[in-house]
Each structure stands twice: as structure tokens, then as C-alpha cells.
A.B. asks: 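Starting off with a structure, shown below.
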There are 2 protein chains.
Amino acid sequence: MIIIKIMGASKTEHFTDQQNAIAILAKALGHPARVAIMDYLLEADACICGDIVNELPLAQPTVSQHLKELKNAGLIKGNIEGNAICYCIDEKALDQMQNYFAHISTRLSQKKNNCC
Amino acid sequence: MIIIKIMGASKTEHFTDQQNAIAILAKALGHPARVAIMDYLLEADACICGDIVNELPLAQPTVSQHLKELKNAGLIKGNIEGNAICYCIDEKALDQMQNYFAHISTRLSQKKNNCC
DNA sequence: TTATCATATTGCAATATTACGATAAATAAT
DNA sequence: ATTATTTATCGTAATATTGCAATATGATAA
């Protein structure tokens, strides 16, 4: 038997689909620029990529990369709007996160054996 | 004026405290092993570090490191319990996340100009 | 067609994360 | 005191992330 150690990569195959799904969503929100993009999409009247670039203190390629990560995680979706691209929050992913934290909250209030 | 480019580091100073706070918590949950730790602490009757090590498919130093990250983010807290250490979920951080997602959900249902 | 505008991709440098063996530190048991 | 048990830290290797200049792509305008 040969064991090859691959370091720096998470062993996703050892965890449940649910755990991996939450981790992917959480990771996508694990950068302030991406939280700021969500905030913008939530509050602004538009969702044009160029507006987001102007709003953030980051260069256009960097913002494009962050948008791509949010999109890959399923947190936002993009629509071609003429020349521009309109990004919007994908409610399904957010519902998933909301349900996850609601479940934790409920479960915590049931538990009485917390030792800390 | 001298501008020093520091790459690979996020420019946290350009974002709001709230955005940074959410990002820190989300980042800590952005790995399936750490989600699995939270799941364990939520469902198990104990919260001993050794039990967590046995539960996870990772070596003890790796689990210790993940626990440290969860603790640094404020998601868990640890108590010395004789020879062992008992880790528990910190409700404050989870409330923060729950509020964040609840706020997004509420705001989304108010919005009608979603273009996607 | 050519120029312009908006966004994506490439390439690369710097830093961060992940993982684990070896070892340390701290307490408990003998 | 010595040994075992439990958890943390160190050192290090591999991979991932972050950021941006340069460039490519694609759609609209002239």
C-alpha cells in the first residue's frame, strides 16, 4: 500500500455532503470583499458589475475574481444585461445558510449539557 | 509617496467592522472539518477534545489547529476539565451569524428589483 | 470596420491555509 | 519520581488564496 500525502488540500471526501456544502458557502463569505459585494447587492438598486467595481477598493480583475467565487459557490447569479452583467443574490444558497444557523440555534437551546 | 504592494493578504482596513466580523466567522466555518467539529459539539453529549480527534479523519495536531481557529474566531470556547479540555459552542457568535442571514432574508423579501 | 466600453482570463508574486511528524507542556496515575 | 495521557506547538511541505497589470473577449457604438 502506498500512501501519498497531499498537504494544503482539505480532505473533503471524509466529510458529509451537508458539511461540505456549508463549508463551501461559508468559505465564499470568508472574505470581507465578498461580504461587501453581498451587502451591495442587497441594498443597491442595481446589480451591475461595474457599479460593484466602483464601490469596492479593489481593482477590476480582483473584483471579477471575487464575483466568480461567489457565483461558483452559488451565492450569486449573473445575467447578461446588454453590454454589462447584472449579478444578484441567489436566495437558495442563503436559505440554506439561514436554515443551518436556525438549526444550530434550536439545537443549542434544547441542549442542557453544555459544559462551558 | 511610496506604495508597497502586499499581495495575498486581504485589505481588511477598507471594509466595515461588520463586514470583517462576518467574514472572520464565515471563514472559520469555511472548512468541512470545522463544520464537522461544530456538528459534533452540537450533537454529542460531551465536548472533550480527544473525542473530537477520534471522530474526525485527521491527525491530532490538525484537529488541534482547527479547534484553535474556531476558538480564535469566537465560535467555540474551551474549558480545562481535569486532564482534558472541553470545547463548547459559543452562542454569541452563532447569534451573530443567524442575525446576519435573517437580515439578508428579510431584506431580500422586501426587494422587488432583483433583475436576475 | 473600427473604436469603445464592460467584463473575464492569464500570469505571476506574496501570503495564507492545510496537514502531519516530532516534540513540548501540563496534568493524572502509578 | 516516573510514567502515561491529553492537548498544544514547532517545523516543514504542498496547495490555495489574494491581488493586480496586462491582455483577451464580447457586445455596443460610431
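The figures here come from the full heavy-atom set of this structure, side chains too, leaving out hydrogens, waters and symmetry mates. Note on naming: letters A, B, ... go to the chains in the order of the sequence lines (proteins, then strands), and numbering restarts at 1 for each one.
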A.B. asks: In whole angstroms, how far is the P atom of D:dT18 from the CG atom of A:Leu29?
C.D. replies: 12 Å

A.B. asks: When you measure only distances, ignoring hydrogens and angles, does the side chain of A:Gln60 come within 3.5 Å of the base of C:dA6 through a donor and an acceptor?
C.D. replies: no

A.B. asks: Expressed in angstrom and rounded to an integer, what is the separation of A:Leu56 atom CG from D:dG19 atom P?
C.D. replies: 10 Å

A.B. asks: As an exercise, state the distance from NZ of B:Lys77 to CD of B:Glu91, rounded to the nearest 0.5 Å.
C.D. replies: 7.0 Å

A.B. asks: Just to confirm, is there a sub-4.0 Å distance from OP1 or OP2 of C:dC20 to any side-chain nitrogen or oxygen of B:Thr62?
C.D. replies: yes

A.B. asks: Got a sec: does the CG of B:Asp17 have more than 12 other heavy atoms crowding it under 6.0 Å?
C.D. replies: no

A.B. asks: Hey, is the side chain of B:His66 poking within less than 4.0 Å of OP1 or OP2 on C:dT17, counting only N and O atoms?
C.D. replies: no

A.B. asks: Return the value, rounded to whole Å, for the distance between atom CG of A:Asn20 and atom P of C:dT18.
C.D. replies: 13 Å

A.B. asks: Output the rounded distance in Å from CG (B:Leu58) to C1' (C:dA19).
C.D. replies: 8 Å

A.B. asks: Nearest 0.5 Å, what's the CZ-CG distance between B:Arg34 and B:Asp39?
C.D. replies: 13.5 Å

A.B. asks: Determine whether the interatomic SG-SG distance for A:Cys86 and A:Cys47 falls below 2.5 angstrom.
C.D. replies: yes

A.B. asks: Within a strict 4.5 Å, meaning less than it, do heavy atoms of the B:Leu70 and B:His66 side chains meet?
C.D. replies: no

A.B. asks: Measuring from atom CD of A:Glu55 to atom CG of A:Leu41, what distance do you get when rounded to the nearest 0.5 angstrom?
C.D. replies: 10.5 Å

A.B. asks: Between atom CD1 in A:Ile24 and atom P in D:dA16, what is the gap in whole Å?
C.D. replies: 14 Å

A.B. asks: Could you pick out which residue, A:Ala59 or B:Pro61, lies toward the 5' side of DNA chain D when each is mapped onto its nearest nucleotide?
C.D. replies: B:Pro61

A.B. asks: When the axes are fitted on five pairs at both termini, how much does the helix from C:dT1-D:dA30 to C:dT30-D:dA1 curve, in 10° steps?
C.D. replies: 10°

A.B. asks: Using the closest heavy atom to pick a nucleotide of DNA chain D for each, name whichever of B:Ile85 or A:Glu69 lands nearer the 5' end.
C.D. replies: B:Ile85

A.B. asks: For the pair made of CD in A:Gln65 and C1' in C:dC12, what is the distance, rounded to whole Å?
C.D. replies: 12 Å

A.B. asks: I need the NE2-P distance between B:His31 and D:dT15, as an integer number of Å.
C.D. replies: 15 Å

A.B. asks: Please state how far atom CG in A:Asn72 lies from atom P in D:dA16, giving the value in whole angstrom units.
C.D. replies: 15 Å

A.B. asks: Once you apply a heavy-atom cut-off of 4.0 Å, does A:Ile48 come out as touching a base, just sugar-phosphate, or nothing?
C.D. replies: sugar-phosphate

A.B. asks: Looking at A:Lys27, I'd like to know whether one of its side-chain N or O atoms comes within less than 4.0 Å of OP1 or OP2 on D:dT17.
C.D. replies: yes

A.B. asks: Let me check something: do B:Ile24 and A:Leu75 share a hydrophobic cluster, defined by ILVMFWY side-chain heavy atoms less than 4.5 Å apart, either directly or through other members?
C.D. replies: no

A.B. asks: Between the protein and nucleotides 27-30 of chain D, list the N/O to N/O atom pairs that are separated by less than 3.5 angstrom.
C.D. replies:
none

A.B. asks: Roughly how far, to the nearest 0.5 Å, is the CD1 atom of B:Ile22 from the CZ atom of B:Phe15?
C.D. replies: 14.5 Å

A.B. asks: How long is the gap from CD1 on B:Ile104 to NZ on B:Lys111, to the nearest 0.5 Å?
C.D. replies: 12.0 Å

A.B. asks: Could you point out which residue of B:Ile85, B:Val53, B:Thr62, B:Ile52 forms a side-chain contact (heavy atoms from CB on, under 4.5 Å) with B:Leu67?
C.D. replies: B:Ile52

A.B. asks: Just to confirm, is there a sub-4.0 Å distance from OP1 or OP2 of C:dT9 to any side-chain nitrogen or oxygen of A:Lys68?
C.D. replies: yes

A.B. asks: With a 4.0 Å limit, can you tell me whether A:Tyr87 has a side-chain N or O closer than that to the phosphate oxygens OP1/OP2 of C:dA8?
C.D. replies: yes

